[in-house]
Amino acid sequence: QANAYLNTRVLTASRAELRLMLLDGAARFLRQGIDGLNAKDYERSFNGVSQCRAIVMELLTSVRPEQAPDLVERIQSLYSFMYSELVEASFSRDVPRLERVLGLIEFERETWTMAMDKARTERAATGRAADPDRAAIAVQG
């Protein structure tokens with residue numbers, strides 16, 4: 001039943017909402033990885049960090065440069081950095097390093113939420129449908 005709800009939610013979400021869901025998932029899985037590492041449950045840690053890495057890679061490859069090429073380049077650099085840090089921190093079992101990546105993901109999520117709110121406000125002010133992804137990308141800079 002939970003999978004049916006998630007499938008419906010994903011299929012009906014906008015691109016901006018999907019990106020927010022990815023950021024939520026990345027944070028949740030990274031917390032799982034950190035908790036596993038702290039508990040010396042290395043399988044749980046590996047699974048959580050691996051899932052987070054997969055999501056960060058999806059975020060990295062899904063940004064569209066035609067919206068704002070300079071901004072997209074910076075965002076891709078951030079995601080590349082996060083990915084590298086996840087690999088290195090997982091290998092060395094470095095909890096503080098994983099926590100710093102978690103902080104970046106949480107900051108990105110907060111920024112994305114603000115961008116979505118701004119897009120909604122602009123849509124309401126103009127009385128027409130605006131592209132929430134375009135406004136969201138503009139706010140991220």
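A search for side-chain contact (heavy atoms from CB on, under 4.5 Å) contacts involving Leu22 returns Ile55, Glu58, Leu59, not counting sequence neighbours. Listed by chain and number, the residues in a side-chain hydrogen bond (donor to acceptor under 3.5 Å, both in side chains) with Gln51 amount to none (sequence neighbours excluded). Glu110 is linked by a side-chain hydrogen bond (donor to acceptor under 3.5 Å, both in side chains) to nothing, counting only residues two or more places apart in sequence or in another chain. The salt bridge (charged side-chain N to carboxylate O under 4.0 Å, His left out) test applied to Glu99 returns no partner, not counting sequence neighbours. Qualifying side-chain hydrogen bond (donor to acceptor under 3.5 Å, both in side chains) partners for Arg109, counting only residues two or more places apart in sequence or in other chains: Asp24, Thr113. Residues forming a side-chain hydrogen bond (donor to acceptor under 3.5 Å, both in side chains) with Thr121 (at least two apart in sequence, or on another chain): none. Residues passing the side-chain contact (heavy atoms from CB on, under 4.5 Å) test with Pro96, sequence neighbours excluded: Asp94, Arg100.
Residue pairs meeting the side-chain hydrogen bond (donor to acceptor under 3.5 Å, both in side chains) criterion with at least one partner in residues 35-49, sequence neighbours excluded, are absent. Residue pairs satisfying the salt bridge (Lys or Arg N to Asp or Glu O under 4.0 Å) criterion with at least one member in residues 79-92, sequence neighbours excluded, are listed as follows: Glu85-Arg97.
In the hydrophobic clustering of this structure, Met57 groups with Val87; members are Ile, Leu, Val, Met, Phe, Trp, Tyr whose side-chain heavy atoms approach within less than 4.5 Å, directly or through other members.
Considering CD1 of Ile75 and CG of Asp70, their distance stands at 11.0 Å, rounded to 0.5 Å. In this structure, the separation between OG on Ser90 and CG on Leu37 is 7.5 Å, given to the nearest 0.5 Å. The CG atom of Leu102 sits 5.0 Å away from atom CD1 of Ile34, with the distance rounded to the nearest 0.5 Å.
The shortest distance between side-chain heavy atoms of Glu17 and Met116 falls below 4.5 Å.
Between the side chain of Trp112 and the backbone N or O of Arg19, no donor-acceptor pair lies under 3.5 Å.
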